[in-house]
Student: 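Below are the structure tokens for one structure; questions will follow.
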Amino acid sequence: ALLPLSLLAWALALAAIATWLGRRLSQVGELRTALVRGDLAVHYQPIVELHTGRCRGAEALVRWRHPSGRWIAPDEFIPLAERHGMAGRITRHVLRTVLADMGAMLRADAQLHIALNLSPQDMRDGVALDTLSATLAGTGVACRQIWLEATERGFMDVDAARLAMARARQRGHVVAIDDFGTGYSSLSYLQALPLDVLKIDKSFVDKIGTDSASSTVINHIIEMARSLRLMMVAEGIETQEQADWLRRHEVVLGQGWLFARAMPAQDFIAFLREREYAGLQPEAALSGG
Ligand code: C2E
Ligand code: MG
Ligand code: MG
Ligand code: MG
């Protein structure tokens with residue numbers, strides 16, 4: 001009776017693997033279709049000045065509107081796209097969408113910047129950056145209004161990646177290291193990178209106000225950024241306490257659900273106009289210490 005049972009177990013395991021593979025493959029196919037049909041939307045999360053509550057820009061975040069009606073988060077499909085060599089196509093779609101959206105945004109605030117996320121693949125092949133320069137030409141958007149975000153992994157992959165970012169920076173783009181603190185980071189390593197901005201990862205912001213060991217890490221990150229004269233953006237701010245602490249520690253910019261979630265371009269423009277109309281209501285950013 002043992003043999004048939006183990007056979008059954010094998011058969012079940014194989015069936016599970018086949019289902020999983022099939023789902024993965026069909027998801028890649030669906031992603032290809034989504035790119036063609038324009039089912040990838042770009043939402044914008046405001047980036048605010050912590051001292052004044054003023055909105056200074058936004059981060060462009062891609063979302064997939066699946067035919068089933070469900071929104072799929074980028075963490076779910078960007079890794080898939082990378083494995084199948086499709087990251088570049090997604091980035092180019094995102095940057096074309098951003099540049100198309102920016103016209104109306106700049107009418108609401110001419111100084112605004114938009115931050116784009118680059119995957120390691122984008123940095124290696126450089127096509128996304130070439131598309132960016134070509135698409136930017138003649139739009140009236142200045143290079144300094146396009147920020148480029150890449151993770152530590154993106155910078156570390158190859159020398160070509162760092163060179164590409166150095167060139168982008170020479171053209172005037174603002175270059176940011178994203179999710180800082182989650183990878184392999186040291187002062188000497190950071191010093192060698194072509195950087196303007198350091199984004200403090202949400203995992204450290206989450207620890208503000210707790211007395212766990214990792215709550216002291218953020219102090220070191222801030223020290224590091226300050227000694228390298230990098231501008232800081234704190235990510236994932238959810239509480240007033242976090243915002244107050246960061247402001248007291250001279251972190252200039254922040255983003256998070258305390259201020260706003262990512263939203264469609266039209267809503268973001270309305271958000272900008274409302275804030276301006278209300279003469280800025282900085283209480284959300286200014287209350288407390
Ligand atoms: P990221 O660049 O670190 O973006 C910040 C993520 O944190 C976003 O998730 C944002 O919605 C989320 N977030 C912001 N504030 C809060 C908060 O207060 N609380 C919580 N719980 N979450 C907050 P999202 O949009 O799901 O994006 C996830 C990641 O996917 C991004 O992390 C980025 O690495 C990647 N990604 C997004 N768009 C693109 C893109 O166009 N291209 C590439 N290559 N990657 C992208
Ligand atoms: Mg980012
Ligand atoms: Mg981040
Ligand atoms: Mg992140």
Side-chain angles (χ1 to χ4, degrees), residues 31 34-35 39-48 50 57-65 70-99 101 113-125 127-129 131-132 146-155 157 161 165 174-183 185 195 197-208 221 232-243 246 253-265 267-268 284-285:
L31 190 53
L35 264 167
D39 286 345
L40 294 186
V42 179
H43 287 185
Y44 298 88
Q45 183 177 37
I47 298 175
V48 306
L50 295 173
E59 177 172 6
L61 296 160
V62 69
R63 275 105 182 75
W64 178 6
R65 200 182 325 100
R70 184 168 82 95
W71 284 95
I72 304 180
D75 284 331
E76 241 183 274
F77 65 88
I78 296 281
L80 183 78
E82 275 187 48
R83 276 197 301 275
H84 293 269
M86 293 164 67
R89 287 180 60 197
I90 294 184
T91 307
R92 292 196 293 280
H93 169 80
V94 170
L95 70 86
R96 284 196 198 101
T97 308
V98 165
L99 290 174
D101 287 344
H113 74 257
I114 300 291
L116 291 168
N117 290 283
L118 297 182
S119 73
Q121 194 185 317
D122 296 323
M123 294 173 68
R124 274 196 303 273
D125 65 20
V127 179
L129 289 174
T131 309
L132 174 61
I146 302 289
W147 291 20
L148 301 171
E149 299 189 2
T151 58
E152 288 167 74
R153 187 164 67 89
F155 280 105
D157 256 7
M165 289 308 247
V174 173
V175 173
I177 189 161
D178 203 358
D179 300 348
F180 188 76
T182 58
S185 331
L195 282 180
V197 173
L198 180 151
K199 295 192 81 170
I200 304 170
D201 191 67
K202 178 181 191 304
S203 57
F204 302 106
V205 173
D206 284 343
K207 294 293 176 353
I208 291 172
I221 293 177
M232 282 175 271
V233 181
E235 297 188 287
I237 303 173
E238 290 182 349
T239 71
Q240 190 62 55
E241 186 194 6
Q242 291 164 352
L246 290 160
L253 298 172
Q255 61 187 104
W257 295 352
L258 175 67
F259 309 108
R261 296 202 181 207
M263 55 187 110
D267 296 356
F268 176 58

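Start at 1 and go down the list; that is how both ligands and their atoms are numbered. Treat the numbers as computed from the prediction; the structure is a model and nothing was measured.
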Student: Contact between R63 and ligand 1, counting heavy atoms under 4.0 Å?
Tutor: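 For ligand 1, residue contact (heavy atoms, under 4.0 Å) with R63 is present.
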Student: Testing the basics here: between L246 and A234, what is the closest heavy-atom pair and its distance to 0.1 Å?
Tutor: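 The answer is CD1-CB, 3.5 Å.
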Student: Which one holds for K202 and ligand 1: side chain close, backbone close, both close, or neither close, with close meaning a heavy atom under 4.0 Å?
Tutor: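 For K202, only side-chain atoms sit under 4.0 Å from ligand 1.
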Student: The Mg ion (ligand 2): which protein N, O or S atoms are under 2.8 Å away?
Tutor: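 Correct list: E59 OE2, N117 OD1, E149 OE1, D178 OD2.
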Student: Less than 4.5 Å apart, any side-chain heavy atom of L61 and any of Q45?
Tutor: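 When only atoms from C-beta onward are counted, Q45 and L61 do touch, with a gap below 4.5 Å.
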Student: Can an N or O of D178 be found at a distance shorter than 3.5 Å from an N or O of ligand 1?
Tutor: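 The answer is yes, given that D178 and ligand 1 share an N or O pair closer than 3.5 Å.
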Student: Would you mind telling me if ligand 1 is within reach of the side chain of A262, the backbone, both or neither, using heavy atoms under 4.0 Å?
Tutor: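 None of A262 does.
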Student: Counting from 1, what ligand 1 atoms have a heavy atom of E238 closer than 4.0 Å?
Tutor: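 Numbered from 1, ligand 1 contributes 17 (C), 18 (O), 19 (N), 20 (C), 21 (N).
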Student: D75 heavy atoms, cut-off 4.0 Å: which ligand 1 atoms fall inside?
Tutor: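 Answer for ligand 1: 28 (C), 29 (C), 30 (O).
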Student: Looking at every heavy atom in both E149 and A115, which two are closest together, and how far apart are they?
Tutor: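 Distance-wise, the nearest heavy atoms are OE2-CB, 3.4 Å.
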Student: Could you name each residue pair satisfying salt bridge (charged side-chain N to carboxylate O under 4.0 Å, His left out) that touches residues 76-94, not counting sequence neighbours?
Tutor: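 For residues 76-94: R70-E76, E82-R153.
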Student: Would you name the heavy atoms of V197 and W147 that are closest together and state the gap between them?
Tutor: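 Between these two residues, the closest heavy atoms are CG2-CZ3, 3.9 Å.
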Student: One residue to check: E235. Relative to ligand 1, which of side chain, backbone, both or neither has a non-hydrogen atom less than 4.0 Å away?
Tutor: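 Answer for E235: side chain.
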Student: Is there a side-chain contact between I114 and D101 in this structure, where contact means two heavy atoms from C-beta onward sitting under 4.5 Å apart?
Tutor: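 Heavy-atom side-chain distance check fails, nothing below 4.5 Å.
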Student: Which part of E59 is near ligand 1, with near meaning a heavy atom under 4.0 Å away: side chain, backbone, both or neither?
Tutor: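 For E59, the contact with ligand 1 is made by the side chain alone.
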Student: Can you see which heavy atom on T91 is nearest to which on A128, and at what distance?
Tutor: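 Heavy atoms of T91 and A128 come nearest at CG2-CB, 3.8 Å.
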Student: Report yes if some heavy atom in the side chain of F180 is under 4.5 Å from a heavy atom in the side chain of D201; otherwise report no.
Tutor: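 No, every pair of side-chain atoms sits at 4.5 Å or beyond.
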Student: Given L258 and Q242, is the side chain to side chain contact (heavy atoms under 4.5 Å, CB included) satisfied, shown in steps?
Tutor: CA-CA 10 Å; L258 175 67; Q242 291 164 352; over 6 Å; no
Student: I need the contact type for I78 against ligand 1. Using non-hydrogen atoms and a strict under-4.0 Å cut-off, is it side chain, backbone, both or neither?
Tutor: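 Within the 4.0 Å criterion, I78 contacts ligand 1 through side-chain atoms alone.
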Student: Between I237 and ligand 1, find which residue part has any heavy-atom pair under 4.0 Å and reply side chain, backbone, both or neither.
Tutor: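 Only the backbone of I237 comes within reach of ligand 1.
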Student: Suppose we screen for side-chain hydrogen bond (donor to acceptor under 3.5 Å, both in side chains). Which residues come up paired with S119, at least two apart in sequence or across chains?
Tutor: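 S119: side-chain hydrogen bond (donor to acceptor under 3.5 Å, both in side chains) contacts with D122.
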Student: Give the atom numbers and elements of ligand 1 that come within less than 4.0 Å of a heavy atom of V62.
Tutor: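 Here the atoms of ligand 1 in question are 38 (N), 39 (C), 40 (C), 41 (O).
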Student: So, using side-chain hydrogen bond (donor to acceptor under 3.5 Å, both in side chains) as the criterion, who are the partners of D39 when residues are at least two apart?
Tutor: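 So D39 forms a side-chain hydrogen bond (donor to acceptor under 3.5 Å, both in side chains) with R37.
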Student: Can you check whether Q255 reaches K199 side chain to side chain, under 4.5 Å on heavy atoms?
Tutor: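 The answer is yes; the side chains approach within 4.5 Å.
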Student: I'd like the name of whichever of F180, W257, F259, W71 reaches closest to atom 13 (N) of ligand 1 through any heavy atom.
Tutor: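 Closest candidate by heavy-atom distance is W257.
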Student: With atoms numbered from 1 as shown, which atoms in ligand 1 lie under 4.0 angstrom from a non-hydrogen atom of G256?
Tutor: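 Heavy-atom distances to G256 below 4.0 Å select 15 (N), 18 (O).
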Student: Check each atom of ligand 1 against the heavy atoms of D179 and keep those under 4.0 Å away; list them by number with element.
Tutor: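 The atoms of ligand 1 under 4.0 Å from a heavy atom of D179 are 3 (O).
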Student: Can you sort out which atoms of ligand 1 are near G236, meaning under 4.0 Å from one of its heavy atoms?
Tutor: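 This gives 15 (N), 16 (C), 17 (C), 18 (O) as the contact atoms.
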Student: At a 4.0 Å threshold, what atoms of ligand 1 neighbour a non-hydrogen atom of P74?
Tutor: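 What qualifies from ligand 1 is 24 (P), 25 (O), 26 (O), 27 (O), 28 (C), 30 (O), 36 (N), 37 (C).
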Student: Do V205 and E235 come close enough that some side-chain heavy atom pair is under 4.5 Å?
Tutor: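 When only atoms from C-beta onward are counted, E235 and V205 do not touch, as no gap falls below 4.5 Å.
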Student: Of the backbone atoms (N, CA, C, O) and the side-chain heavy atoms from C-beta on, which set of Q45 has a member under 4.0 Å from an atom of ligand 1: side chain, backbone, both, or neither?
Tutor: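 It is the side chain that touches ligand 1; the backbone stays farther off.
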Student: Of the side chain and backbone of V94, name the one, both, or neither that has a heavy atom under 4.0 Å from an atom of ligand 1.
Tutor: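 Within the 4.0 Å criterion, V94 contacts ligand 1 through side-chain atoms alone.
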Student: Any idea which heavy atoms bring A60 and N117 closest together, and the distance?
Tutor: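 A60 and N117 have their closest heavy atoms at O-ND2, 3.3 Å.
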Student: Checking contacts here: is it the side chain or the backbone of D201 that comes within 4.0 Å of ligand 1, counting heavy atoms only? Could be both or neither.
Tutor: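 It is neither; nothing of D201 touches ligand 1.
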Student: Do D267 and Y44 have side-chain heavy atoms sitting under 4.5 Å apart?
Tutor: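 D267 does not reach Y44 side chain to side chain.
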